[in-house]
Amino acid sequence: MIKSLKIIGWLLFASVILVVALWKTLPQWLPKVAAHWLPAGSQLILAHTPVWRDGALHVDGLRFLAKTCPLVDLGDTRLSYKEGRWGIQTKTLAMDTECLSQLTSDDPESTSQNLADWQRRLSSLDLHIDNLSVTPWQQYGGALSFTTAKAGQVIDYQGDKLRFNATLDNQQQLHLQQFVLAIPGSVQPLRLSGTLSIPLSLDALPTRGQLAGEFTTPYMEQPLLVALHWQQQQGELTLTERGGDKALITLPWQVAARHIQINQGVWQWPYAQQPLSGGVNLTVQDWSEGFDQAVITARINVITSGQNGKGNAVLTLGPGHLSLIDSDLRFQISGQANLSNLILNGTLPGILSGSVLNPTLLLSPGALLRAYGDITPELRLNDARWPLAGVRMTAAGINGRLQAIVNARDRYWGNVKLHLDGSAQNFLPDSGIWQWRYWGKGDLPPLAARWDIAGKGRWQDSLIHLDQLSTGFDQIKYGMVNVFSPRLTLTEPLMWQRNGEQAAFNGNMQLTAKRVALSDGGYLPATVMNLRLKGTNPDDFQFQGDLAAQQIGPIPLRGRWDGERLRGEAWWPKQSLQVFQPLLSPNLGIKLRDGEFYAQAAFSAAREQGFTAGGHWVVKQGGMWLKDGEMSGLDFVMSYRLKDHQWQLGAKEPVTLRIAALTNLFEMQNITADLQGTYPYTEKKPLTLSNVGMDILDGHLSLSALRLPQHDAAVLKLKQVDLSALFTVLKPKQFAMSGKVDGELPLFLNDPQWLVRDGWIANAGLLTLRLEKDLADSIGESNVATGAVIDWLRYLEISHSYAKVSLNNLGELTLQSKIHGVNTQKNAKRAIVLNYTHQENVFQLWRSLRFGDNLQEWLEQTLSMPTAPVAAASDSDDKVATK
C-alpha cells in the first residue's frame, strides 16, 4: 500500500513538473502544434508565456504571420470565464491586409455555413477591442464591442471617422440602428439605417431588406439620399439629391445561382461645368463559388459635350476576377472626352492584379493619352501626348517611364514646345522618386525673341532637385534696349523642399549676355549677372546678386518674386565717368574725360503691368571732349520713372543740368537747364523745359519756360551780348561791329507757319560799324555816285538800332533793321539812317551766321547800280538817309 502511494506521489509530482514545463515552454511548442490547422506557410508566434492574474489569463505578444508578413498583431489580451460567459478584452488588434496576398489559395474553410450554428457557438461571449486598426484604412480605426445574448448579438463600433451599431436577432433579422462614415472632402458624414433578412446559410444573400441614408457633399447644396431595397433575387440602388425629381444613379440588379447582373444602369451628374451622363452594365459570373472565383465583365461609359460636340469614353472590364490575394482583371479606357474647350482622347489598356484591397495597375503597350484645345482664353494646347505603356501604379505610387510631349501657344507668351522624359519608382507627389530630363524651344513675341531650354533633375520625396538648367534667347528687344544672346544657367543646383515645416527654395544662377545695345547707338559690353535665390517656394522667394559689364559695376541687386510680380532694387556704385564710354553713341562724337557717376533704381515686372522702373542718376564734375570743343564742370541729377515705355522725368524734383563751361563755336559758361514731365509727351502729360540760361559773348542768354506740347511761345532772351566777341568768333572780313545788344525771339515748335515770329534785336548802348577798306574802295570805284555814301559808312557810330526777326518753318529768315548813327570821322553832327532787309534760308546756317558776305554782296549789287545820288538832307536836319 505504501509502495503504491509512493508511486502515485511520484506520478503526481512528475505530472506537475510536466505541466509546469509545458506551460513555461508554451511559446515554443504551441506555434508548432497550431501549424497543423493553419494555412500552409503561415505561423503563429507567441512572444511571452501567458500569465494568470486577477482571475483571468493574460496573453501578450501574439502574432499571426502569413509567411514573413505580419497579418495580425494582438496586443495585451485578457481572457476570462465567469458565470458561463467568455470574456475577451484586448487593448490593440492590428491587421495588415497587404499580407493576405501571402496566404496560399488552399486555406481551410469553415466547416459550418449555418448562421444558427454560429449564433449558438457565440451565445455567451463578450468581446471588446480598445483599438482596432486595419491597414490601409488606419484612419477608420476605433473601439469594437461584440456581445451575445439569448435575444441575439449586438455589435458596436466607435471611431473618429466610422461608427455603427447593429443587432442580429434570433429570427436572423439584422437591424442597423446607426451607420456613420466620414467622407473625404465632406463636412457631414454618410448616415445609413435599415433592416436586412439574413439567410441561415452564410453563403447565400439576404432574402429581402432595405437601407436608407443620406450624406452631404460640397458639390451640392442639398444632401444626397441613398436607397437600397430588394426582394428575393432582384432589387435597385438609387442615389438622389434631396428635393430632386431624378435620381443621379439608378442601378437595377438581379441575382441568380451563378451570376449577378446590373443591366441598363444609368447615371448623371448635372452639377459640373458641363452635364455628364452615362450607363452601367455589369455581370459577375460564378459568384456562388466564392469571391476569388467570380468572373467579372463590365462596361461603363461617360458622355461629355463641349464646343466641339459630344464625346464618348468607355471603360471595359474583364472578363477576369478580383481576389483578396491574386486578382487578374483586364481593363481598357478608350474614346474621347469633350470638355468645355478641351478634348481628351486615347486608349489605355491594362491589367489589374494583386489584392483587390491593394491592387496593381499595369498599362499595356499602346497606352496613349492625348489632349488639345483651349486651356484658357489666352492659352491653346495644340497637342499634348503622354505615352504610358509599361507604367505600373499601386497604392505606393507610380513606377516606370514617364513621358510628355507638349505643343502649345499663348497669345501673349508665344509658342512652346516641350519634351519630358523620366523614370519613376513608387512615385507620388512628395513620396518616392522621379528622375527626369527636359528640353524644348519656343518664341516670345513681347520681346521679339526665340528661346531654348534643357536640363535635368529629380523629385525625391518632398525635395525637388533641379541639377541642370540652361535656357537662353537669341535676343531680347524691349523698348530702347536690345539684348544679344542672353542665357541663364545654374551655378549651383536649385532645390525646393516642399515639406511644410521645412519649406525652402534655394539656388544660384547666372545670366549672361554678349551685348546690350541701346537704341541711340550706345551699348553695354559683355554682361554677367549672378543671382542667389532664397525662399519657401517658386512663388515666394528673394534674390540677391550683382551685375557687371567689364569695367562697369559690379552693381548690387536684390528683390523678390511673389508669384505674380518681380520686384527689385539696384545700386550703381560711384565710378569714374570714363567707364561708361560704351553707353554713348559714336555718332555723338563725345569722349568722356573725367567725372563721377552713381545711380539707384527700383524695378517691377508683371504680365499685365509690364516693366516699370524708377530711380535717379547723378553725374558730378563731368568733363568730355566734343566734336568741336569740350565741356567741363558737368553736374547732372535726374530722377525718373519708366512705365509703358514712357519716361516720367523729375518725378518729385526737376532734372537739373549744370555746366561750368562749354567750348564749341562760342565760349559758354554757367549753363543751366531744368526738365520735368513725361517723354514721349502728351497733352495730358506734358514735358516742361525751364530755367534755361547761359553766359555767352560777355552777355547772357536765357529761355522762358518751354512746355511740350507748346501752347505759348518760349521767349529766347539776349542780354548785353557783345558784338565784338561775336565778330571775333565769326571773323568776317568785310566789316566789323562792336558794342552790346539785347533781344527777344519768341520760339514756336508746333506752329503751322512760324518758328520765330516778331522777334527783335536792339542795341544796349553805343555800337560801331567799320567797313573793310578794300570793300569800300571797290564799291566807290564802281559807282562814283554812291562813293560819297560809302564814305559815310566806312566808320559809323550807331546810337539806335532795331531789327525785327521772323523765321518760318521752311527755314526762311526775314530780318528788317533800321540803324541811326553818325560818322564822327567826317561829321559828328550829320545823322545817318540805314534801312536794311535780309532774307535767307537758315538751313544754310553757317553762311547765314557769317552774314558779312551777304552784306558785301548786297552793298556791291545795290550801290553799284546807276541810280540817282543819295540826297543829303537840309542843313537844318543835318542827316543823311540811305536805303
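Only a predicted model underlies this, so the values are computations on that prediction, with no experimental measurement involved.
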Indicate yes or no: at least one non-hydrogen side-chain atom of T90 is less than 4.5 angstrom from one of L74.
yes

Around atom CD of Q425, are there more than 12 heavy atoms of other residues, nucleotides or ligands at under 6.0 Å?
no

Between the main-chain N or O of G432 and the side-chain N or O of D461, is there a donor-acceptor pair closer than 3.5 Å?
yes

If you round to the nearest 0.5 Å, how far is CG of L248 from CG of L224?
6.0 Å

State, with a plain yes or no, whether a side-chain heavy atom of F179 is found less than 4.5 Å away from one of L162.
yes

Ionic contact status for R498 with D430, cut-off 4.0 Å:
yes

Which heavy atom in L251 sits nearest to a heavy atom in G265, and how many Å separate them?
CD2-CA, 4.2 Å

Find the distance between OG (S431) and CD (Q460) and round it off to the nearest 0.5 Å.
10.5 Å

Rounded to the nearest 0.5 Å, what's the gap from NZ on K456 to CZ on R458? Could you check?
10.0 Å

Minimum side-chain heavy-atom gap N301-N312 below 4.5 Å
yes

Any donor-acceptor pair under 3.5 Å linking the side-chain atoms of H321 with those of D328?
no

Taking atom CD of Q261 and atom OG1 of T297, what is their separation to the nearest 0.5 Å?
10.0 Å

Atom CD of Q264: over 12 foreign heavy atoms under 6.0 Å
no

Within the 4.5 Å heavy-atom criterion, are S462 and Q497 side-chain neighbours or not?
yes

So for atom CD, which belongs to Q234, do other residues, nucleotides or ligands contribute more than 12 heavy atoms lying within a distance under 6.0 Å?
no

When rounded to the nearest 0.5 angstrom, what distance separates OG1 in T283 from CD1 in I296?
10.5 Å

I'd like to check L381 versus L342 (side-chain heavy atoms, cut-off strictly below 4.5 Å). Are they in contact?
yes

Applying side-chain contact (heavy atoms from CB on, under 4.5 Å) to R380 and not counting sequence neighbours gives D374, N382

Which residue is it: V154, D156, N165? I am looking for the one with a side-chain contact (heavy atoms from CB on, under 4.5 Å) to Q177.
N165

Could you tell me whether the side chains of S145 and H128 share a donor-acceptor contact shorter than 3.5 Å?
yes

Looking at every heavy atom in both S355 and S327, which two are closest together, and how far apart are they?
C-OG, 4.2 Å

So do the side chains of Q332 and T347 get within less than 4.5 Å of each other, counting heavy atoms only?
yes

State, with a plain yes or no, whether a side-chain heavy atom of I129 is found less than 4.5 Å away from one of F146.
no

Say you draw a straight line from CE of M393 to CG of L428; how long is it, rounded to the nearest 0.5 Å?
11.0 Å

Using a 3.5 Å distance criterion without hydrogens, assess whether the side chain of T394 forms a donor-acceptor pair with backbone atoms of T360.
no

With sequence neighbours left out, what residues match H419 under side-chain hydrogen bond (donor to acceptor under 3.5 Å, both in side chains)?
none

Can you classify the ring geometry of W436 versus Y438 as parallel (below 30°), tilted (30 to 60°) or perpendicular (above 60°)?
tilted

Would you say the side chain of Q153 lies within less than 4.5 Å of the side chain of T147, judging by non-hydrogen atoms?
no

Parallel, tilted or perpendicular: which fits the ring planes of Y157 and F164, with parallel below 30° and perpendicular above 60°?
parallel

